[in-house]
Amino acid sequence: MIADLREKFELTVRQGEPTLVPPAEETEKGFYFLTNLDQNIAVIVQTIYCFKSEEKGNEMAAEVIKDALAQVLVRYYPLAGRLTISNEGKLIVDCTREGAVFVEAEADCKMEDVGDITKPDPDTLGKLVYSVPGAKNILEMPLLAAQVTKFSCGGFILGLAMNHCMFDGLGAMEFVNSWGETARGLPISVPPFIDRSVLRSRDPPVINFPHREFSEIEDVSDATTLYQEEMLYRSFCFDTEKLERVKKKAMADGTLDGCTTFEALSGLVWRARTEALKLQPGQKTKLLFAVDGRSRFDPPLPKGFFGNGIVLTNSLCTAGELLGRPLSFAVGLVQDAVGMVTDEYMRSAMDYFEATRARPSLTATLLITTWSRLSFHITDFGWGEPVQSGPVTLPEKEVILFLSHGKESKSINVLLGLPSSAMASFQKLMDI
């Protein structure tokens, strides 16, 4: 099933004046350390949560959510600060207590008119999230901005813009759920572990791996020009039966003893995207994806770790190899990349950044981000769980997002954007 282009619906949202919400109590001031795992992902991630309760309506929604934000920021006080550059030339938070940005807004339509949000639609959904007008770079944007948009039906949508350098998906989910618990008058079930110094790099740096995630690849296929075309965004739903078929296909030639859903699906979309973009056989292509390192560090990161506990791992081969060999080859490369992530690999990656200040190169690269294990759908501010929740857009054109889908969350939605000339071919390849 493909969530195709719906009829163009013009959403009109009237935003009120943005206000600042500082922590409800005095909090620590000064500079707050960000680790090397936080440095390379300072992008704004925008998500929305749709709520509707027939009994409660939406009159008090903004007030309740705003008050709870002030309270939860006491525990998560760095989010009320501002990003700046340290003496070492790295990102650091100045804990100014300025506060998160909060906006109240209204839409003239019903919430249902927004439709199915599983397909990224930046034009429509972007109106539900606050963006700082005229902000030229990440330093001019707040670490957290929240917008509550009320609809005529009594529903409301909470739109969040959060800086990824403050937390990975799991950390963001724990924060939003803590905020919801606070709004309901409950104690926080997973208190944040604020001190990130447990992930300081070593002095001097020790680099024991090649770290090809930073490797520059020559664009011999001229994919850069292709990406100047109009972008089409699609969502592909893989239910449990289809996921099982992908795994069977990956194991059909007997090369693999077994594979996870993530490994099989990653191998499938990497090959399909490579074919759809018509990358030349000699073109090197790289797959990047984040692995949760929380349990892989030695010792493991503390429960509630506030920060990024993820590290990028990689697979690299030519387009000719990837497409000329069976799916098991691609899936095997993904398995090798997962297996590579040990405590020593992650510390080596942090030290590599310390020594080089390199950024992961995205030329001829696919970056897969998995949200399928994140329970954003249980967030409750007192209006019950969201009717829908999900991302507003993809942070980069090279990103494909895996999201859990449906009540049981056993299905996976694959979200991506491709140049218009490549999308039809990709759609055929997804039909398994």
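- F175 and W179 have tilted rings, their planes meeting at an angle from 30° to 60° on a 0 to 90° scale.
- Summarising the geometry, atom SG belonging to C95 is positioned 9.5 Å from atom CG belonging to L79; distances are rounded to the nearest 0.5 Å.
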Verify salt bridge (charged side-chain N to carboxylate O under 4.0 Å, His left out) between E104 and K66, making sure each step is shown before the conclusion.
CA-CA 10 Å; E104 293 185 48; K66 188 177 180 181; 5.1 Å; no
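- Sorted by first and then second residue, the salt bridge (Lys or Arg N to Asp or Glu O under 4.0 Å) pairs involving residues 147-158 (not counting sequence neighbours) form an empty list.
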Apply the test salt bridge (charged side-chain N to carboxylate O under 4.0 Å, His left out) to residues R347 and E354: give CA-CA distance (whole Å), side-chain angles for both, the deciding distance (0.1 Å), then the verdict.
CA-CA 11 Å; R347 293 189 188 278; E354 191 67 26; over 6 Å; no
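- Using a 4.5 Å cut-off on side-chain heavy atoms (C-beta onward), Q388 and K52 make no contact.
- Considering only heavy atoms from C-beta on, T47 stays 4.5 Å or farther from V176 through its side chain.
- Note on residues 303-313: no pairs pass salt bridge (Lys or Arg N to Asp or Glu O under 4.0 Å), not counting sequence neighbours.
- Remark: the Q280 side chain and the S221 side chain contain no N/O donor-acceptor pair separated by less than 3.5 Å.
- Heavy atoms of other residues, nucleotides or ligands lying less than 6.0 angstrom from CG of N87 number 12 at most.
- Counting heavy atoms from C-beta outward, L37 and V311 have side chains that approach closer than 4.5 Å.
- The two atoms that bring R75 and P191 nearest to each other are NH2-CB, 3.2 Å, heavy atoms only.
- Ring orientation note: the planes of H211 and Y352 are tilted relative to one another, at an angle of 30° to 60°.
- Stacking of R273 on the aromatic ring of F426 is not recorded, the 6.0 Å distance cut-off and the 45° axial limit not both being met.
- Judged as a salt bridge (charged side-chain N to carboxylate O under 4.0 Å, His left out), and not counting sequence neighbours, the contacts of R294 are D168, D292.
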